[in-house]
Amino acid sequence: MKPLASLAIPGAPDRRIELLQGDLSAPGAAHRFDLLVVSAFPDNYVPTEGSLIGALHRRGVSLAELAARKEIDLRQHFSCWLSGELPSPDLGFRRILCFEPQVRGEPPSVVGDIF
């Protein structure tokens, strides 16, 4: 994983938001993180070759199965849902936030729903 940018979280000196380049499905011990953000078309979790959903599937993480038992479903108002804690600590991340915009548009205009 190649770090591209980092943002410190005020009041939490050991926490930060990082932008990384590389295989997010296998971050490695040096880049463990809490939340992996994935984008998908609404209710479409087909693990295609070359996609993050496909890479996760090859590591044993089915977005379709996680979607069937979402911990929090915020799609109606915020275009996303949150998985429960993933069972394997070897993944390098604990949860997945899946961004599923119901309305098509330019990424900068629709991704703001998450925030």
Side-chain angles (χ1 to χ4, degrees):
M1 299 290 292
K2 176 182 174 186
L4 300 178
S6 181
L7 175 66
I9 298 175
D14 60 334
R15 298 288 183 171
R16 64 191 175 284
I17 297 172
E18 294 181 325
L19 179 61
L20 303 171
Q21 179 182 25
D23 184 356
L24 294 174
S25 72
H31 296 288
R32 293 174 120 24
F33 48 88
D34 294 323
L35 182 70
L36 175 65
V37 179
V38 177
S39 65
F41 292 113
D43 298 310
N44 182 343
Y45 314 109
V46 176
T48 58
E49 186 67 33
S51 71
L52 180 53
I53 294 172
L56 289 168
H57 185 77
R58 288 186 293 280
R59 293 206 60 217
V61 178
S62 167
L63 224 59
E65 289 176 13
L66 293 173
R69 49 185 168 79
K70 301 169 189 74
E71 183 157 313
I72 301 172
D73 188 350
L74 301 169
R75 290 176 298 167
Q76 184 177 4
H77 299 290
F78 302 108
S79 302
C80 62
W81 56 266
L82 182 67
S83 75
E85 288 215 20
L86 300 173
S88 174
D90 296 336
L91 289 170
F93 47 91
R94 295 181 6 200
R95 294 177 184 261
I96 292 178
L97 179 83
C98 185
F99 176 62
E100 291 183 32
Q102 300 297 314
V103 177
R104 302 280 191 272
E106 293 299 313
S109 65
V110 294
V111 80
D113 282 354
I114 293 175
F115 301 99

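It should be emphasised that the depicted structure is a prediction, and the values quoted were computed from it without experimental measurement.
Counting only heavy atoms from C-beta outward, the side chains of L86 and L66 approach each other to under 4.5 Å. At least one side-chain heavy atom of V61 sits under 4.5 Å from a side-chain heavy atom of I96. At least one side-chain heavy atom of D43 sits under 4.5 Å from a side-chain heavy atom of E100. Between P3 and H31, the closest side-chain pair of non-hydrogen atoms falls below 4.5 Å.
F33 and I17 end up in different hydrophobic clusters when Ile, Leu, Val, Met, Phe, Trp and Tyr side chains are linked at under 4.5 Å.
Here CG of L4 is found 4.5 Å from CG of L19. Values are rounded to the nearest 0.5 Å. Atoms CD1 and CZ, from I72 and F78 in turn, are 11.5 Å apart once rounded to the nearest 0.5 Å.
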- Query: Under the side-chain contact (heavy atoms from CB on, under 4.5 Å) criterion, do L36 and L52 qualify, and how do the steps go?
  - Reply: CA-CA 10 Å; L36 175 65; L52 180 53; 4.3 Å; yes
- Task: Just do the side-chain contact (heavy atoms from CB on, under 4.5 Å) check on L82 and L35 with the steps written out, would you?
- Result: CA-CA 9 Å; L82 182 67; L35 182 70; 3.7 Å; yes
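Across every non-hydrogen atom of F99 and S79, the tightest pair is CD1-O, 3.3 Å. Minimum heavy-atom separation, R16 to E18: NE-OE2, 2.7 Å. The two residues Y45 and C98 come nearest to each other via the heavy atoms CE2-SG, 4.2 Å. In terms of heavy-atom proximity, N44 sits nearest to I53 at O-CD1, 4.4 Å. Nearest heavy-atom pair across E71 and G84 is OE1-CA, 3.2 Å. Here the closest non-hydrogen pair linking W81 and R75 is CD1-CD, 3.7 Å.
Around atom CD of Q76, no more than 12 heavy atoms belonging to other residues, nucleotides or ligands sit under 6.0 Å away. The local environment of CZ in R58 is crowded, with over 12 non-hydrogen atoms from other residues, nucleotides or ligands closer than 6.0 Å.
The side chain to side chain contact (heavy atoms under 4.5 Å, CB included) test with D34 is passed by exactly one of R95, R15, E85: R15.
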